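Below you'll find the structure, written out as structure tokens, and then a few comments.
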Amino acid sequence: MNDQEKEKAPDASTTTRPSDFIRDIIAHDLKEDKYGGRVHTRFPPEPNGYLHIGHAKSICLNFGVAAENPGGLCNLRFDDTNPIKEEAEYVAAIKADVRWLGFDWGDREYYASDYFGTLYEYAVKLIRRKLAYVDDLTADEIREYRGTPTEPGRNSPYRNRSVEENLDLFRRMREGEFPDGSRVLRARIDMASPNLNLRDPVLYRVLHAAHHRTGDAWCIYPMYDFAHGQSDSIEEITHSLCTLEFENHRPLYNWFLDALEIYHPRQIEFARLNLSHTVMSKRKLLALVRGGHVSGWDDPRMPTLSGLRRRGYTPAAIRAFCERIGLAKRDSLVDMALLEHCLREDLNRRAPRVMGVLGPLRVVIENYPEDKEESLEAINNPEDPGMGTRQVPFSRVLFIERDDFMEDPPKKFYRLAPGREVRLRYAYFITCVGVVKNDAGEVMELRCTYDPATRGGDAPDGRKVKSTLHWVAASRAIPAEVRLYDHLLSKDDPADDKNGGDFKDVLNPRSLEILKPCYLEPSLVDASPGSRYQFERLGYFCVDPDSSEDQVVFNRSVTLRDTWAKIQKAGTKK
RNA sequence: UCGGGUGUCGUCCAAUGGUAGGACACCAGUCUCUGGAACUGGCUAUCUAGGUUCGAAUCCUGGCACCCGAGCCA
């Protein structure tokens, strides 16, 4: 990680506090002294996959709220109740991502599996109170008995077993006497409840599987619903912030807390993040990885934190984004353009400028001596003079961008064309005096002359030039591979697949374009993976870890705003 | 069909009975050695029908639309 990554999220004293309905509720609770002046949140991921930008919203909320309140704390807790799906590898990746985003959970790293003993005791307590029973129905039968949203369910024939029998059966479930799926422990609530979650939910299932933390200590595992609320209670969380789909579960969590007579956090639900032109569910992201549509979880097109990091996103940009999208209960679809805006805003301030040519076109300066080379001074960041200057070499043969030349330019094109004079940034004014083509009529090379009086880029006679081009001296250019990315999906809302459509049907076939060779200015020789630059006039780019000794690879993080591209697009539409 | 939730510019979020505002996007312009950045201006919204009120996005009533819910997933 470079120092851009090491920077932590600013603390409350230096930030303006965001305002939203959750922070309003918390402020109100504080005023009423509901939790003895405490604010204690938690970020509770399941270690069954990688974190994505939607998780970042939750991380920024939970850690943010804690940081904004004096003495506020936020725990990191892994909801690891399903050993079949969870792995230690994910735990490590999640911790790294949260840290990278700039947040710190101190020594408060917890696991639902830490509470398996307590949860077991809680279950026994419910049995003793006649509020839970062991059910021998099969999974299919349980589903049948549950009823539907419009019809009530039916009681299981095992619902009225004695406390003694339940205690004995549950103990034997734990001791491994029964095979997977043979019996479950259920809460005894109300099979006619209009809330399906209250129709005798399953509390424990038999699972003869090793857990990544508890090993073979258990062969029964609590369901998420039986673990989550109680874990929050055990940790004395004041505000359990979660997404909307758990709103229907809140009455169940409250039922457990009341039946068990234990500490009662306040749960508040908010809408999860949806981003245009991508998908967010782990299931769909996994499908992209498995289907080979992307190179992995950290493919720079993925909305995962590891993907965004590799793409060149900064933690600060992601945090700013999470703040700007706000927080509410209605479903929404945030425009990817906002995420990109936040990245540009951050990188504009901090990324050093360099010159790189992505689509090289050879230029020979006819009146420039063959063997001459000079060194010109270039500004590293016009937004920040403190970043200093550097030297770039200039010589007779150069590369410019193919798109910066047109033989027969339309009105609004004011870059290079035959007979036209432009400026090479920080170098000289040049005029195109000839065009060399191959047999197919393709432009292979430009012949130009330069005006020695314009050294550095200013004309002593004050004449203006309409355009400034970036360039690279051919003799000193570093060849590179550059990967351009576009939206993963060509449709803004992939969830909009009513007619049985699959999000994979709208995969953007041009989401990745590999350019090679591209030519970069020599100051980039030592660029290390993760380093971010602005290639002038093109966008922000980041060195990819695929780079090797003989081949540097850059990812385009985001383009610069491109007015000319817009003009062109408008032109082709007409 | 039952229960829970949600409806404000193209998009996201505000306005907590008193001038519907900000950001992104878009359009136009200023400036510019990045067609970048910055700056200026413009554009467009309260789901609907009634009611209460001097006054309603906000309160009441009735519709409508969308989201979540029938895992031994989380």
Side-chain angles (χ1 to χ4, degrees), chain A residues 18-21 24 44-46 48 79-82 84-86 135 137-139 142-144 146-153 180-186 193-199 201-207 221 223-225 227-228 243-251 269 271 273 276 282-283 324-342 344-345 348-349 353 355 378-379 382-383 412-415 423-427 429 454 456-458 464-470 492 495 534-539 559-567:
Chain A
S19 165
D20 52 66
F21 79 101
D24 289 348
E46 183 193 12
N48 71 339
D79 271 333
D80 53 352
T81 54
N82 187 350
I84 292 166
K85 290 189 176 174
E86 296 149 8
D135 197 346
L137 254 28
T138 65
I142 287 181
R143 188 180 319 118
E144 256 174 65
R146 187 154 30 228
T148 70
T150 49
E151 310 154 40
D180 287 4
S182 57
R183 282 182 232 262
V184 292
L185 183 74
R186 287 231 258 171
S193 172
N195 182 339
L196 271 7
N197 294 122
L198 262 21
R199 318 245 263 226
V202 172
L203 269 31
Y204 267 91
R205 74 280 219 191
V206 179
L207 233 42
Y221 291 92
M223 297 291 293
Y224 170 86
D225 274 350
H228 186 83
T243 44
L244 251 29
E245 66 270 28
F246 295 106
E247 205 154 23
N248 292 332
H249 296 241
R250 181 157 28 95
E269 306 84 8
L273 170 67
S276 71
K282 279 186 197 169
R283 200 198 94 239
R324 294 232 207 162
I325 53 176
L327 199 63
K329 292 194 74 163
R330 63 187 93 105
D331 291 315
S332 61
L333 180 65
V334 176
D335 195 332
M336 180 76 86
L338 180 59
L339 216 210
E340 294 174 343
H341 168 81
C342 291
R344 286 192 194 102
E345 191 176 51
N348 177 49
R349 279 198 326 254
R353 272 59 169 170
M355 291 194 285
I379 294 165
E383 302 292 318
K412 286 181 177 170
F413 183 90
Y414 47 83
R415 275 113 94 144
R423 170 171 37 235
L424 294 182
R425 180 137 232 228
Y426 300 124
F429 286 13
T454 58
D458 286 302
K464 299 284 182 207
V465 100
K466 195 82 163 112
S467 174
T468 300
L469 270 39
H470 60 276
D492 64 342
Q534 184 196 99
F535 289 6
E536 294 219 31
R537 303 210 300 136
L538 297 174
T559 61
L560 253 23
R561 271 187 65 232
D562 189 346
T563 312
W564 168 239
K566 253 176 220 168
I567 295 169

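All values reported here derive from a predicted model rather than from experimental measurement. Lettering of chains follows the sequences in order, A, B, ..., and the numbering in each one begins at 1.
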Describe the nucleic acid contact of [X] in one word from base, sugar-phosphate, nothing, applying a heavy-atom distance below 4.0 Å.
{"X": "A:F413", "result": "base"}
{"X": "A:I325", "result": "sugar-phosphate"}
{"X": "A:P382", "result": "base"}
{"X": "A:D458", "result": "base"}

With both distances under 3.5 angstrom, what nucleotide forms a Watson-Crick or G-U wobble pair with [N]?
{"N": "B:C66", "result": "B:G5"}
{"N": "B:U40", "result": "B:A28"}
{"N": "B:G17", "result": "none"}
{"N": "B:G55", "result": "none"}
{"N": "B:G71", "result": "none"}

Taking C-beta and beyond as the side chain, do [X] and [Y] meet within less than 4.5 Å on heavy atoms?
{"X": "A:L137", "Y": "A:E144", "answer": "no"}
{"X": "A:E536", "Y": "A:T468", "answer": "no"}
{"X": "A:K466", "Y": "A:K464", "answer": "no"}

Is the distance from OP1 or OP2 of [N] to the nearest side-chain N or O of [X] less than 4.0 Å?
{"X": "A:R250", "N": "B:G3", "value": "no"}
{"X": "A:T150", "N": "B:G3", "value": "no"}
{"X": "A:R415", "N": "B:G35", "value": "no"}
{"X": "A:R537", "N": "B:G36", "value": "no"}

Counting primed atoms plus P, OP1 and OP2 as sugar-phosphate and everything else as base, spell out the protein contacts along [range] at 4.0 Å heavy-atom distance: B, S or - for each nucleotide, 5' to 3'.
{"range": "nucleotides 39-44 of chain B", "answer": "------"}
{"range": "nucleotides 18-25 of chain B", "answer": "-----SSS"}
{"range": "nucleotides 69-74 of chain B", "answer": "BBSBSB"}

Is B:G71 in the syn or the anti form, by the rule that syn lies within 90° of 0?
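Chi for B:G71 falls in the syn range.
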Nucleotide [N], atom [atom2] - distance to [atom1] of [X] in whole Å:
{"X": "A:D20", "N": "B:U6", "atom1": "CG", "atom2": "P", "answer": "15 Å"}
{"X": "A:E536", "N": "B:U32", "atom1": "CD", "atom2": "P", "answer": "17 Å"}
{"X": "A:R349", "N": "B:A38", "atom1": "CZ", "atom2": "C1'", "answer": "14 Å"}
{"X": "A:I567", "N": "B:G35", "atom1": "CD1", "atom2": "C1'", "answer": "7 Å"}
{"X": "A:E383", "N": "B:U32", "atom1": "CD", "atom2": "P", "answer": "16 Å"}
{"X": "A:F21", "N": "B:A57", "atom1": "CZ", "atom2": "C1'", "answer": "18 Å"}
{"X": "A:L339", "N": "B:U11", "atom1": "CG", "atom2": "P", "answer": "19 Å"}
{"X": "A:E340", "N": "B:A37", "atom1": "CD", "atom2": "P", "answer": "13 Å"}

What's the gap between [N] and [M] when it is taken at their [atom1] atoms, as a whole Å value?
{"N": "B:A57", "M": "B:A45", "atom1": "C1'", "answer": "10 Å"}
{"N": "B:A56", "M": "B:G50", "atom1": "C1'", "answer": "14 Å"}
{"N": "B:G62", "M": "B:G4", "atom1": "P", "answer": "14 Å"}
{"N": "B:A25", "M": "B:U53", "atom1": "P", "answer": "46 Å"}
{"N": "B:U6", "M": "B:U61", "atom1": "P", "answer": "15 Å"}
{"N": "B:C67", "M": "B:A37", "atom1": "P", "answer": "37 Å"}
{"N": "B:G22", "M": "B:A14", "atom1": "C1'", "answer": "7 Å"}
{"N": "B:A74", "M": "B:A38", "atom1": "P", "answer": "46 Å"}

Choosing from B:C13, B:C67, B:G35, which nucleotide comes nearest the side chain of A:A328?
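Taking heavy atoms from C-beta onward, the closest nucleotide is B:C13.
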So if I take every side-chain heavy atom of A:K329 and compare against B:U6, B:U34, B:C13, which nucleotide ends up nearest?
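Closest nucleotide among those given: B:U6.
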Just verifying a value: how many Å separate A:S276 OG and A:L333 CG, rounded to the nearest 0.5 Å?
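Going from the OG atom of A:S276 to the CG atom of A:L333 covers 5.5 Å.
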Supply the atom-to-atom distance A:D225 CG to A:N197 CG, rounded to the nearest 0.5 angstrom.
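A:D225 CG to A:N197 CG: 6.0 Å, rounded to 0.5 Å.
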If every non-hydrogen atom of [X] is compared with every non-hydrogen atom of [Y], which pair is closest and at what distance?
{"X": "A:E86", "Y": "A:E46", "result": "OE2-OE2, 2.6 Å"}
{"X": "A:T454", "Y": "A:F429", "result": "OG1-N, 2.9 Å"}
{"X": "A:R199", "Y": "A:R186", "result": "O-NH1, 3.6 Å"}

Considering heavy-atom distances to RNA chain B, does A:D24 or A:S467 have its closest nucleotide positioned more toward the 5' end?
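It is A:D24 whose nearest nucleotide is closer to the 5' end.
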Look at the side chain of A:E269 against the base of B:G4 and say whether a donor-acceptor pair falls under 3.5 Å; ignore hydrogens and angles.
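When only heavy-atom distances are counted, A:E269 does not reach the base of B:G4 through any donor-acceptor pair under 3.5 Å.
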Regarding B:U34, can its base be found pairing with the side chain of A:Q534 as donor and acceptor, where the two atoms are less than 3.5 Å apart?
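Looking at the base of B:U34, it does pair with a donor or acceptor on the side chain of A:Q534 (distance under 3.5 Å).
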Does the plane of the ring in A:F246 sit parallel, tilted or perpendicular to the ring in A:Y224? Use 30° and 60° as the thresholds.
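The rings of A:F246 and A:Y224 sit tilted, inter-plane angle from 30° to 60°.
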Candidate pair A:N248 and A:L196, rule side chain to side chain contact (heavy atoms under 4.5 Å, CB included), full reasoning:
CA-CA 9 Å; A:N248 292 332; A:L196 271 7; over 6 Å; no
